[in-house]
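By convention in this document, chain letters (A, B, ...) are assigned in the order of the sequence lines, proteins followed by strands, and residues within each chain are numbered from 1. The structure presented is a predicted model; accordingly, all values stated were derived computationally and were not measured.
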Amino acid sequence: MNPTHLTADLNETQLAVVTAPTGPILVLAGAGSGKTRVLVHRVAWLISHEGVSPHAVLAVTFTNKAAGEMRGRIESLLGGPSGTLWIGTFHGLAHRLLRLHWREAGLPQTFQILDSDDQLRVVKKVVRAMELDETRWSPKELVYFINAQKDEGRRPKMLADEGDQTRQVMIKVYAAYEEACRRAGVVDFAELLLRSFELWRDQPDLLAHYQHRFGHVLVDEFQDTNAIQYQWVRLLAGPKSIPFVVGDDDQSIYGWRGARVENIHKYQRDFPGTTVFRLEQNYRSTATILNAANTLIANNSGRMGKTLWTDGARGEPIRLYAAFNERDEADFVITQIREWIRQGGKREECGILYRSNAQSRVLEEALLVARIPYRVYGGQRFFERAEIKDALAYLRLVSSRIDDASFERVVNLPTRGIGAKTLETVRDYARAQGCALWQASAATIAGGTLGPKGAQSLHGFLTLIERLAKETSGMPLHEQVDKVIHLSGLIDHYRKEKGERGEARVENLEELVSAANGYSPEEGSDLAPLESFLAHAVLESGEGQANEWEDSVQMMTLHSAKGLEFPLVFLCGLEDGLFPHQRSVNDIGGLEEERRLAYVGVTRAMRRLYISYAEQRRLHGIDQFGMPSRFIAEIPAELIEEVRPRVQVSRPLYSSRSGDTSGSRDTRKIEEPSHSSGLRLGQRVRHKKFGDGVILRLDGQGQGAQVEVNFERLGRKVLMLAYANLEPI
DNA sequence: CATACAGACATAAAC
DNA sequence: TGTCTGTATG
């Protein structure tokens, strides 16, 4: 083993982390400071210098992509396959455990994984079965409730009988949902984690085995762990196993899906003697960009504290553009991208980031018109497409007859004369008997409780599945898939669908066959290829647009930009209400998470950063007049240069430090029709009681004239212009 | 049973 | 404003 290539290109702190003596370690790694690098090198170091067996290492991440990258990098450092090393996502590893110990975990051997779509379907079914009003008991909210409970490790039984009636009902739905999952032999994502946690907690021998086996547990993106993931790590990293976690509290942006930054604090308490390292040297951005990021994030409270620095150049100022509206903003972005390309830059070096997906359309349209190729991240994933899910449902039924969600999905797809009435009878029977729809179908057919036509059609369906199971058993995986999509009638069904849509679906189904062909099950798995493939399909949803490798502009939300970097970055739509989002501004925790999101956005930029906001933005068909995001004011003014500054304006922004909001902005007079009062739409005004705000609407003239103002502190109010005494500012 | 239309809904998203 | 869902209709 060559020690120099492991340590040669590490800085002092990175080296200290990688070669640190064995013991609990917490690495606070700022954006662009080589976070994953340190983790990967640590693993390689343990194996090559500390004599740790790869067998004894467990490394956990959140996405398959990250896990794959990690494995690749470790292998290239070690110069060979990483073999028995366990690397994966929390869910992937939990799944692996449950497959190995399904009996101890109280699961059927053929248990299937429910994705979020399926989960919603099951909850809907439960709500209907309980005869609850779906408008009052929204299945979506119930799913949210159930997942939140599971993320915290709470079973229905553990939830106190107290609480108001609403909560009581939700708990009942939770319990009924669990029962439905048990009957169908399915496990949702949160359940994978909770169940494997309980497996360890309740089986001390098993836990001891894994604690003994995994001498080293490494966790990436630790700030994103939820309560149960933390408990899972904590159980494993008991007396024998040594934890090593890497994270950045300033980049915690997933609180809304259960992530708990506090786990970083907890960690230090739970593992006494933890050595804390800070990686603060940044290799990505210019000093200007880092300064902006540092100052911005300093507005948050309760941070672990970290200041990014670089020994690189100061770089260009951050450019700020005050667009008239969202179209103008998009045009601006395009002009700048053109300029970048003219100077020899590549399109793929440009990242357009925004807070919410709705913003992408206007930008896309502009890119389309400008004939600039682009790629939007976060589209629909391959395995989430309807036709693929249909095919998978057939395959799952072949593999596990009791999977009710799959049963419901395809009994009548393509239509084979099994209507609502037939299904209702079957469902009633299943409910009464507590059995799966499959058994209920057989029983109701035999019992003669169905109409003759329904019975015959249903029988046809059962026979079809049995036939598929029999004929495909022992076949190579891709032939199984091929056979199923053809014999089920899915291919024909979609072929009939008119237009490009149908064609695309048939192509996707064919793509599924080749995906199956290229699939090789994880090593050491004793699962049949089909079962293994099905689990893979749920856990690894597949990249959106796989092989479009044209040099293209990258568009995505700020959330999906985490972990990426671009030489040129646009942060679009920096308006209060949009970013920070309206739903977060009234709560300090929410606002701080938004600020971390802004921090993530700023730190994506390597060389050039543009920030833009629109004075007027059409959202959901209504024109909104927003104020520049407070985050802009939290960046030191001397780092910002306004693009195309307008005459007679010194600073169009309010300054954060002085709290002074009076810097008046020039709204373009040409486009804004003026009112007899001398006021304009979008104008900033002061009211002696309500404070400062922006004019949203001006109605009527003279005595009866009304004005709607969006006040900074109080939100929107409609006032009589004659009495409002508004003072333009 | 496929299609058309009306109505609800609209923060972010991995597994 | 645009998209998706569920229901009404032929």
If the sugar-phosphate is the primed atoms plus P, OP1 and OP2 and the base is the rest, what is the B/S/- string for nucleotides 10-15 of chain B, using protein heavy atoms under 4.0 Å? BBBBBB
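A perpendicular orientation is assigned to the rings of A:H95 and A:F111, their planes being inclined by more than 60° (bins at 30° and 60°). Between A:F90 and A:W232, the angle of the ring planes goes over 60°, which puts this pair in the perpendicular group of the 30/60° scheme. In this structure, A:Y254 and A:W256 have tilted ring planes: the angle between them lies in the 30° to 60° band.
A distance of about 16 Å separates the P atoms of C:dC4 and B:dA13, rounded to the whole Å. A distance of about 16 Å separates the P atoms of B:dA12 and C:dT5, rounded to the whole Å.
Using a 4.5 Å heavy-atom cutoff, the side chains of A:K140 and A:L120 are in contact.
For DNA chain C, the outermost nucleotides in 5' to 3' order that have an atom under 4.0 Å from a heavy atom of chain A are C:dT1 to C:dG6.
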Show your working on salt bridge (Lys or Arg N to Asp or Glu O under 4.0 Å) between A:D118 and A:R396 and close with a plain yes or no. CA-CA 13 Å; A:D118 296 333; A:R396 281 155 82 175; 3.3 Å; yes
Toss me the dot-bracket line for DNA chain B: Watson-Crick and G-U wobble, both under 3.5 Å, 5' to 3', using | for pairs to another strand and [ ] for crossers. ||||||||||.....
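Between A:E326 and A:R618 there is no salt bridge, since no side-chain nitrogen of the basic residue lies less than 4.0 Å from a carboxylate oxygen of the acidic one. A salt bridge is defined here as a Lys NZ or Arg NE, NH1 or NH2 lying under 4.0 Å from an Asp or Glu carboxylate O, and A:E387 with A:R385 fails to meet this definition.
A:K124 comes within 4.0 angstrom of the backbone, heavy atoms only, and of no base.
Environment of CD in A:E365: crowded, with over 12 heavy atoms of neighbouring residues, nucleotides or ligands closer than 6.0 Å.
For the side-chain contact (heavy atoms from CB on, under 4.5 Å) with A:Q229, the qualifying choice from A:L193, A:N263, A:D224 is A:L193, the only one to do so.
Under a cutoff of 6.0 Å and an axis angle of 45°, A:R375 and A:Y377 form a cation-pi pair.
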